[in-house]
Amino acid sequence: MDLKGFERLGPCHWRLAPRGAMRVPVEIFADEALLQAMDDKVREQATNVATLPGIVRASYAMPDAHWGYGFPIGGVAAFDPDEGGVVSAGGVGFDVSCGVRCLLTGLPVEAILEVHEPLAEALFAAIPAGVGSTGQIRLSDSEMDAMLRGGARWAVAQGYGEAADLERIEEHGCMAGADPKAVSAQAKKRQREEMGTLGSGNHYLEVQRVAEIYDEATAAVFGLVRDQVVVSIHCGSRGLGHQIGTEYFKEMALAAKIYGIVLPDRELACAPITSPVGQRYLGAMRAAINCALANRQILTHLTRKVFAEFFTGLSLPLLYDVSHNTCKVETHEVDGRKRTLYVHRKGATRAFGPGHPELPEALRAVGQPVLIGGSMGTASYVLVGTRESEALAFSSACHGAGRAMSRQQALKRWQGREVVESLARRGVIVRSPSFRGVAEEAPEAYKDVSAVVDAADRAGLARKVAKLVPLVCIKG
DNA sequence: ATGTTC
């Protein structure tokens with residue numbers, strides 16, 4: 001993008017002063033190279049977001065920001081309900097509560113390499129993956145509503161995982177304020193057979209080696225040890241979240257007109273937080289958050305069962321579970337005053353700093369684990385939230401690598417089979433039901449995740465703790 | 001991301 005008009009606030013912090021209809025500035029966190037490489041659309045979309053009613057402080061973009069539906073992916077925007085603030089389905093994203101969780105195995109990498117191929121096959125057999133994949137679970141209407149209200153807490157009560165997992169999940173595994181009545185019959189129908197499934201696109205389950213530690217003290221608190229193995233699961237709310245996003249987007253496009261909200265782009269469709277449709281959306285979105293938390297919890301259970309076949313008695317405790325497509329009610333200090341804000345993070349990870357009361361006791365002193373998924377076959381990172389991140393971007397950080405190339409372009413460039421073979425030569429076993437999906441997700445179709453993470457670290461959004469590299473990748 | 005174009 002063109003750097004003209006930006007004021008540089010720091011090595012990885014840029015500001016566009018408000019002009020025209022903008023109510024607040026745009027702030028982008030990136031080094032100069034990332035900003036230059038960033039799509040012009042990010043500037044345009046972040047500028048559009050800055051015009052929305054009730055937006056507070058700034059329209060933010062993270063170092064991995066790219067063109068999204070209305071709002072940029074990698075965008076953070078907070079709205080004040082008392083100042084006409086809005087909520088937007090496109091500002092959350094269609095894969096509601098897409099996120100990452102990380103399980104600790106405590107195993108040395110050698111133990112995995114002894115069973116590398118059979119472990120990959122067993123995980124591939126146990127984890128339903130791909131477009132429209134279905135699981136073993138069938139929910140009745142009342143079970144569906146209980147799941148939408150209870151999230152991972154519901155899943156644990158059904159026998160998927162352990163009660164100890166819950167404190168290692170945002171919202172302690174259960175998002176309050178979920179309203180199953182605000183979720184359409186169609187959305188529930190789409191989800192009926194999709195609990196405990198990975199989905200497709202950039203979703204994956206990876207067995208990873210801790211390849212590098214940047215912060216020994218924090219890594220020790222997190223339980224991350226160099227050359228030990230972890231399992232990361234990246235997925236979301238599947239068909240249900242997508243259906244909710246689609247339906248409420250349409251409703252919000254009408255609501256914006258009714259409430260006289262001027263939209264520079266129709267895709268910014270939104271409604272006042274205090275409006276009936278805004279409230280119903282929040283209830284449905286929170287139900288979708290619970291769906292994603294339950295989904296990742298069930299996948300965790302399936303993963304543990306597979307590992308137990310190879311390593312008797314192994315428990316795989318949960319390090320943490322983060323969501324990066326949400327709107328959450330949070331208290332933040334703005335101009336010296338505590339305010340209750342509706343923080344949209346779309347392709348952005350919540351990153352609470354040390355001492356935050358929401359964090360589990362065992363982690364509170366060091367800060368929240370911020371799990372950053374890389375693209376298939378490349379590195380992932382664990383970061384930790386900082387104190388300064390609250391003043392920078394309402395305690396938010398990046399979420400992953402971000403696409404550098406469209407799916408269409410990637411399909412022209414690579415054959416899925418070749419991508420699998422090339423990764424196998426680098427020691428990564430990839431198993432996927434779709435070679436097409438693998439081609440679309442070729443590592444080179446993504447930005448360099450390490451540059452993104454370094455920029456987040458230098459900007460102070462979160463601090464690097466450890467680097468993870470894959471040994472096995474189950475791809476949707 | 002997505003019953004990959006209701």
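Chain naming here is simple, since letters A, B, ... match the order of the sequence lines and numbering starts at 1 in each.
When heavy atoms are screened at a 4.0 angstrom cut-off, A/Gly93 is found touching no nucleic acid atom at all. A/Gln186 comes within contact range of at least one nucleobase, with a heavy-atom separation under 4.0 Å.
One interatomic measurement links the two molecules: CD of A/Gln243 to P of B/dC6, which rounds to 11 Å at whole-angstrom precision. Atom P of nucleotide B/dT4 and atom CD of A/Glu441 are separated by 17 Å, given to the nearest angstrom. The distance from atom CD of A/Glu193 to atom C1' of B/dT2 is 17 Å, rounded to the nearest whole Å. With rounding to whole Å, A/Tyr248 atom OH is found 19 Å from B/dT2 atom C1'. Here B/dT4 presents its P atom at 15 Å from CD of A/Gln408, a figure rounded to the nearest Å. If you measure from atom NZ of A/Lys189 to atom P of B/dC6, you get 14 Å, rounded to the nearest angstrom. Between the CZ atom of A/Arg407 and the P atom of B/dT5 there is a distance of 11 Å, given to the nearest Å. If you measure from atom NE2 of A/His203 to atom C1' of B/dT4, you get 14 Å, rounded to the nearest angstrom.
Applying the ring-ring contact (aromatic ring centres under 6.0 Å, His included) rule to A/Phe71 yields no partners; only residues at least two apart in sequence or on another chain are considered. For A/Val420, the side chain to side chain contact (heavy atoms under 4.5 Å, CB included) partners two or more places apart in sequence, or in a different chain, are A/Val430, A/Phe435, A/Val438.
Side-chain N/O atoms of A/Arg101 and A/Gln297 include a donor and acceptor closer than 3.5 Å.
Of the two residues near DNA chain B, A/Gly201 and A/Ser434, the one whose nearest nucleotide lies more 5' is A/Gly201. Nearest-nucleotide mapping onto DNA chain B: of A/His242 and A/Val131, the residue sitting toward the 5' end is A/His242.
Residues A/Leu293 and A/Asp321 form a side-chain contact, since some pair of their non-hydrogen atoms from C-beta on lies under 4.5 Å apart.
Close to B/dT2, at under 4.0 Å from its OP1 or OP2, lies a side-chain N or O of A/Arg238. Between A/Thr246 and B/dT2 there is no side-chain polar atom (N or O) within less than 4.0 angstrom of OP1 or OP2.
The backbone N or O of A/Leu359 lies less than 3.5 Å from no partner atom in the side chain of A/Gln368, so there is not a single donor-acceptor pair.
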